[in-house]
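What follows is one structure encoded as structure tokens, with my remarks underneath.
Because only heavy atoms are used, hydrogens play no part in the values below, and waters and symmetry mates are left out as well, while side chains stay in. Note that the structure is predicted; figures quoted are calculated from it, not measured. Positions are given from 1 along the sequence.
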Amino acid sequence: MTLRLANKELTPPVVLAPMAGITDRPFRDLVSSFGAGLVVSEMVASQEMVQAKPGVRERAELSADVENTAVQLAGREATWMAEAARQVADQGARIIDINMGCPAKKVTNGYSGSALLKTPDHALTLIEAVVEAVDVPVTLKTRLGWDDKLLNAADVARRAQDAGVQMVTIHGRTRCQFYKGHADWAAIRAVTEAVDVPVVANGDITSTEAAQKALELSGAAGVMIGRGAQGKPWLLAQVSHDLYGTPAPVIPQGADLIDMVQRHYHAMLSFYGADLGLRVARKHLGWYMDEAGTAAPLRRAVLTSRDTDEVTRLLADALTPSQEVAA
């Protein structure tokens with residue numbers, strides 16, 4: 001139940017996916033507190049990182065006391081990618097991940113993310129530049145291909161391995177699928193059979209059953225969980241327990257759940273400042289209330305309030321089962 005990256009070990013092989021606007025430091029810290037083999041930062045644009053654009057370095061802030069953290073970099077120029085890699089390594093990054101999977105138009109229109117699947121020779125120059133720039137392990141996250149006519153993940157992974165990449169994560173969709181349909185875990189097997197480094201399966205892994213099926217079909221050495229952890233930061237630990245026998249997470253309920261969500265809320269306020277933090281927090285609070293089945297009027301009150309103290313108070317009722325509130 002261990003993934004080996006050079007001299008590093010990831011135990012268990014259950015990883016938190018990088019998600020833009022979601023896997024910030026407060027959320028990574030929370031997921032790590034339950035248990036995860038690795039947590040990955042949201043994508044950081046390499047040129048903006050080096051040029052110190054507002055907000056970019058905050059996305060890469062590392063939680064110095066959390067060892068199992070990787071920073072994901074995106075870009076299209078080797079010079080910026082290498083310099084950004086050096087900067088985050090100097091800040092304490094244990095692992096650097098290269099983004100070749102983001103399907104968003106604003107990323108692919110800039111010839112970054114999954115657009116690099118269309119230019120594998122150029123993509124390789126970025127990979128080589130990052131590997132040469134740092135001493136920490138470098139990993140790669142990508143998709144099956146650009147579209148059904150260009151399914152080149154296995155070839156890209158093989159070349160990345162030869163360039164020094166220590167692990168490859170494959171989202172089981174093409175870029176042109178975005179997040180439609182269902183991830184094709186079986187198609188990931190072509191990658192696992194093409195390389196010797198660990199391959200991690202990603203896409204639609206929202207439960208232990210899905211994780212087990214993804215591992216069986218893909219032949220992967222581990223799984224990466226993204227959207228399934230929204231509102232359930234303990235999910236990675238639960239999957240790890242079910243599959244690998246790690247300690248079972250204590251899933252918070254009742255007053256413990258309220259306390260956890262309130263602490264997460266205040267961690268976001270502290271990290272971003274009250275004004276931005278209040279807005280950033282709404283998506284997370286929405287997911288928690290989805291899980292709790294919060295009534296629509298109370299949900300609306302939580303998500304529209306501009307008073308952080310009022311939100312804190314409302315969360316106590318919003319996360320309490322409706323029958324308990326009625327009683």
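Leu10 belongs to a hydrophobic cluster whose remaining members, ordered by chain and number, are Leu3, Leu5, Val15, Leu38, Val40, Ile95, Met167, Val200, Met224; membership requires side-chain heavy atoms of ILVMFWY residues under 4.5 Å apart, directly or through intermediates.
Counted within 6.0 Å of NZ on Lys213, heavy atoms from surrounding residues, nucleotides or ligands total 12 or fewer; the atom is thus considered open. Remark: Lys283 NZ is packed, more than 12 non-hydrogen atoms of other residues, nucleotides or ligands lying under 6.0 Å away. Surrounding CZ of Arg4 are at most 12 heavy atoms belonging to other residues, nucleotides or ligands under 6.0 Å away.
Judged as a ring-ring contact (aromatic ring centres under 6.0 Å, His included), and not counting sequence neighbours, Tyr265 has no contacts. By the ring-ring contact (aromatic ring centres under 6.0 Å, His included) test, Trp80 is found to be paired with no residue, residues two or more places apart in sequence or in another chain being considered. In this structure Asp307 satisfies the side-chain contact (heavy atoms from CB on, under 4.5 Å) test together with Ser305, Asp309, Glu310, sequence neighbours excluded. Applying the ring-ring contact (aromatic ring centres under 6.0 Å, His included) test to His284 and every residue at least two apart in sequence or in another chain returns Phe27, His264, Trp287. With sequence neighbours excluded, no residue satisfies side-chain hydrogen bond (donor to acceptor under 3.5 Å, both in side chains) with Glu128. In this view, His182 and Trp185 satisfy the ring-ring contact (aromatic ring centres under 6.0 Å, His included) rule, not counting sequence neighbours. Among residues two or more places apart in sequence or in another chain, the side-chain contact (heavy atoms from CB on, under 4.5 Å) test is passed with Gln212 by Glu216, Leu243. Every side-chain contact (heavy atoms from CB on, under 4.5 Å) that Ala267 has, sequence neighbours left out, goes to Pro26. For Val197, the side-chain contact (heavy atoms from CB on, under 4.5 Å) partners at least two apart in sequence or on another chain are Gln161, Val168, Val195.
Note that CE of Met268 is 12.0 Å distant from OG1 of Thr308, once rounded to the nearest 0.5 Å. A distance of 8.0 Å separates CE of Met43 from OG of Ser112, quoted to the nearest 0.5 Å.
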| request: Check step by step if side-chain hydrogen bond (donor to acceptor under 3.5 Å, both in side chains) holds for Thr108 and Arg175. | output: CA-CA 9 Å; Thr108 58; Arg175 181 273 174 182; 3.3 Å; yes
Salt bridge (charged side-chain N to carboxylate O under 4.0 Å, His left out) between Asp204 and Arg227, intermediate numbers included: CA-CA 8 Å; Asp204 297 337; Arg227 290 173 289 173; 3.5 Å; yes
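Contact annotation: the side chain of Leu117 approaches that of Met100 to within less than 4.5 Å [non-hydrogen atoms, C-beta and beyond]. Between Arg279 and Tyr272 there is no side-chain heavy-atom pair separated by less than 4.5 Å.
Sorted by first and then second residue, the pairs that involve residues 142-174 and meet ring pair (Phe, Tyr, Trp, His ring centres under 6.0 Å), not counting sequence neighbours, are His171-Tyr179.
Contact check on Asp155 versus Arg158 returns a salt bridge, with a Lys/Arg side-chain nitrogen under 4.0 Å from an Asp/Glu carboxylate oxygen.
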Can you give me every donor-acceptor pair (side chain of residues 228-239, partner residue at least two apart or in another chain, under 3.5 Å) with its distance?
from: Gln238; atom 1: NE2; to: Asp242; atom 2: OD1; distance (Å): 3.0
from: Gln238; atom 1: NE2; to: Asp242; atom 2: OD2; distance (Å): 3.4

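For Gln166 (side chain) and Gly164 (main-chain N/O), a donor-acceptor pair under 3.5 Å exists by modelled atom type. Distance alone, capped at 3.5 Å, is enough to place a donor-acceptor pair between the Asn68 side chain and the Ala36 backbone. For Gln262 (side chain) and Thr312 (main-chain N/O), a donor-acceptor pair under 3.5 Å exists by modelled atom type. Using a distance-only test at 3.5 Å, with no hydrogens or angles considered, no donor-acceptor pair links the side chain of Thr23 to the main chain of Arg28. For the pair Ser46 (side chain) and Leu73 (backbone), a donor-acceptor distance under 3.5 Å is absent. Remark: the backbone N or O of Val39 is not paired with any side-chain donor or acceptor of Thr69 at under 3.5 angstrom. In this structure, Thr192 contributes its side chain and Ser218 its backbone to a donor-acceptor pair below 3.5 Å. Within the 3.5 Å criterion, the main-chain N or O of Gly181 finds a donor-acceptor partner in the side chain of Arg173. Not a single donor-acceptor pair under 3.5 Å links the side chain of Arg76 to the backbone N or O of His122. Judged purely by atom type and a 3.5 angstrom limit, Arg282 uses its side chain to pair as donor or acceptor with the backbone of Leu303.
Heavy-atom minimum distance, Ser114 versus Cys102: OG-O, 2.8 Å. Heavy atoms only, all atoms of each residue included: Ala221 and Leu215 are closest at C-CD2, 4.3 Å.
When each of Asp317, Leu315, Leu319 is tested with Leu298 by the rule side chain to side chain contact (heavy atoms under 4.5 Å, CB included), just one qualifies, namely Asp317.
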